[in-house]
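One structure below.
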Amino acid sequence: MAKRYWLMKCEPSAYTIDDLQRDGSTAWEGVRNYQARNFMRDDMQLGDEVLFYASNAEPSGVTGLAKIVRAGYPEKLAPWVMVDIGFAKNFKGTVPLETLKTTKGLEKMVVTQKGSRLSIQPVTKDEFAIVLTLAKTIRSSHSSHS
DNA sequence: GCCAACGTTGGC
DNA sequence: GCCAACGTTGGC
């Protein structure tokens, strides 16, 4: 099956891309939404690429990349399912949701739709590539020019 | 912290 | 199977 692309949300108070970089990989436990579970159970495959999204952040947005390093397997608590994700890249900053919403080609991206609360979302190959391009334009938050 | 949007639960 | 009540998500 061809490689797929995903977006996975997490609040920074729970887990960040920095944490994933430190840990190398982590089990994505605790998803309690059937649609998101079905994506993990049925569609996520080893090697799929993931946009790591910080929700409830300042600003909320994509902060890095991950990849699926273990396909769906059951949690102790049925009927829930988890995957393992591995660290791929830590952006120098955030690609904010606001930028995603105003970027041509991302009009249909799930995360830019109003009321999109789903914590695991499919992303098209084109959308993924556009977000990568946006990430390259991030200026380091540490830089200050006069 | 507010609250709109959405998912889930449970009485009927 | 409807739908009101309730709980959660997540942008702002």
Please determine, for the side chain of [X], which listed nucleotide ([options]) has the closest atom?
X: A:Lys101; options: B:dA5, B:dG7, C:dC12; value: C:dC12
X: A:Arg117; options: C:dG11, C:dG10, B:dC6; value: B:dC6
X: A:Ser55; options: B:dT8, C:dG11, B:dA5; value: C:dG11

Inset, instruction - Please state whether the rings of A:Trp28 and A:Tyr15 are parallel, tilted or perpendicular, taking 30° and 60° as the class boundaries. - result: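 If you compare the ring of A:Trp28 with that of A:Tyr15, the planes turn out perpendicular.
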
Between [N] atom [atom2] and [X] atom [atom1], what is the distance in whole Å?
X: A:Lys9; N: C:dT9; atom1: NZ; atom2: C1'; result: 8 Å
X: A:Glu58; N: C:dG10; atom1: CD; atom2: P; result: 16 Å
X: A:Asn56; N: B:dC3; atom1: CG; atom2: C1'; result: 13 Å
X: A:Asn33; N: B:dA5; atom1: CG; atom2: P; result: 18 Å
X: A:Leu118; N: B:dT8; atom1: CG; atom2: P; result: 10 Å
X: A:Glu11; N: C:dG10; atom1: CD; atom2: C1'; result: 7 Å
X: A:Gln35; N: B:dT8; atom1: CD; atom2: C1'; result: 14 Å
X: A:Tyr34; N: B:dC6; atom1: OH; atom2: P; result: 20 Å

Legend entry - From CA spacing to verdict: salt bridge (Lys or Arg N to Asp or Glu O under 4.0 Å), A:Asp48, A:Lys67: CA-CA 6 Å; A:Asp48 283 1; A:Lys67 60 193 171 188; over 6 Å; no

Legend entry - side-chain N/O A:Tyr53 vs C:dG11 OP1/OP2, d < 4.0 Å: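 Yes, within the criterion.
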
Legend entry - Any A:Ser60 side-chain N or O less than 4.0 Å from OP1/OP2 of C:dG10: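 No, because none of the side-chain N or O atoms of A:Ser60 sits under 4.0 Å from OP1 or OP2 of C:dG10.
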
Legend entry - Minimum side-chain heavy-atom gap A:Thr137-A:Val95 below 4.5 Å: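 Heavy-atom side-chain distance check fails, nothing below 4.5 Å.
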
Inset, instruction - Would you kindly say whether A:Glu107 and A:Thr112 are connected by a side-chain donor-acceptor distance under 3.5 Å? - result: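 Absent: no donor and acceptor within the cut-off.
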
Inset, instruction - Measure from NZ or CZ of A:Arg41 to the centre of the six-membered ring of A:Phe39, then state whether that distance is under 6.0 Å and the direction lies within 45° of the axis. - result: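 The answer is no, since A:Arg41 fails at least one limit relative to A:Phe39.
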
Legend entry - DNA chain B: 5'-proximal contact among A:Lys114 and A:Arg32 (nearest heavy atom):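 Its nearest nucleotide lies further toward 5', so the answer is A:Lys114.
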
